[in-house]
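Only this structure's heavy atoms are used, side chains among them; waters, hydrogens and symmetry mates stay out. Whatever order the structure lists ligands and atoms in, that order sets their numbers, starting from 1.
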Amino acid sequence: MNQPGTSTSLFTRLRFVLVETSHPGNIGAVARAMKTMGFSQLVLVNPRFPDARQQEEAIAFASGALDVLGAARIVGSIDEALDGCNFAAALSARLREYSPPVLTPRALAAQLAAGDSLQAALVFGSERYGLPNEIIERCNALINIPSNPDYSSLNLAQAAQVLAYEARLASVGDSVPSTPIGFQGQAASLTQIDGMYTHLEQALVAIDFLDPANPKKLMPRLRRLFSRTQLETEEVNILRGIARQVLLKLGR
Ligand code: SAH
């Protein structure tokens, strides 16, 4: 599933490789994690169950991402999984003595998003053993999700979610949709707002809160307060209504 944009979009350049995964449920959950962030290329290297894609748990955890799960490729070696890639990043909860450069998911995602010609793989280890050193040493980077040093091992699908999320943000940014959500009234015009200040000022003078001979900075401060609020016509009318009522009660 391509995102709007070009064929070099990270969504078509990034694959998720799961090595020797034990639990079909985790495979399904990774498919879901990927699809929620717009990714679809899933490769399984020697899963414990060759029919993992059809297993009940995988299907249940994939939920609406059955397309990603069903299209997952099953291969017999890491070489096959990385075929066509020119960049591979190994995911590990543990840092090693000998390893490629260590990056955070965010730093990696920035590199991947910027490198249009990168055909990249994220390589995840098995639930019990993680990734073997031979695979880590073949990768261009070792990715460590910063976590609690006393308990740093995330669930496989949750680790995949973190990476998919960072990759998405690095690609499309983190702004929320620009169309306003929920109720939004009509923005008040400057004339309406000016009328409101005049009205408020009269009321404040009438109740002796504002001394016209010595106004200090009251009105400028109130203007500053309201200028931060993006007043709507309805709200201006409420404030004017309050001022009107004050004046009415005082017989002015
Ligand atoms: N028991 C294994 C961890 C398995 S968790 C071990 O000690 O290595 C399954 C996979 O999720 C890991 O192989 C790794 O690819 C990924 N993962 C889990 N926690 C991670 C972390 N903090 N940083 C990077 N990857 C992590």
Item to check | Arg252 and Gln202: CA distance, side-chain angles, deciding distance, side-chain contact (heavy atoms from CB on, under 4.5 Å) verdict | outcome: CA-CA 10 Å; Arg252 319 247 170 129; Gln202 288 166 4; over 6 Å; no
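Listed by first and then second residue, the ring-ring contact (aromatic ring centres under 6.0 Å, His included) pairs that reach into residues 213-234 come to none, sequence neighbours excluded.
Taking Arg106 as the reference, Glu166 meet the salt bridge (charged side-chain N to carboxylate O under 4.0 Å, His left out) condition, with sequence neighbours excluded. By the ring-ring contact (aromatic ring centres under 6.0 Å, His included) test, Phe16 pairs with Phe39, sequence neighbours left out.
Within 4.0 Å of ligand 1, counting heavy atoms only, the contacting residues are Leu91, Ser92, Ala93, Arg94, Phe124, Gly125, Ser126, Glu127, Arg128, Gly130, Ile143, Asn144, Ile145, Ser147, Ser152, Ser153, Leu154, Leu156, Ala159.
Shown are Gln55, Arg53, Gln54; of these, the side chain to side chain donor-acceptor pair (under 3.5 Å) with Asp51 is made only by Gln55.
Under a 3.5 Å cut-off, the side chain of Asn140 and the backbone N or O of Ala88 do form a donor-acceptor pair.
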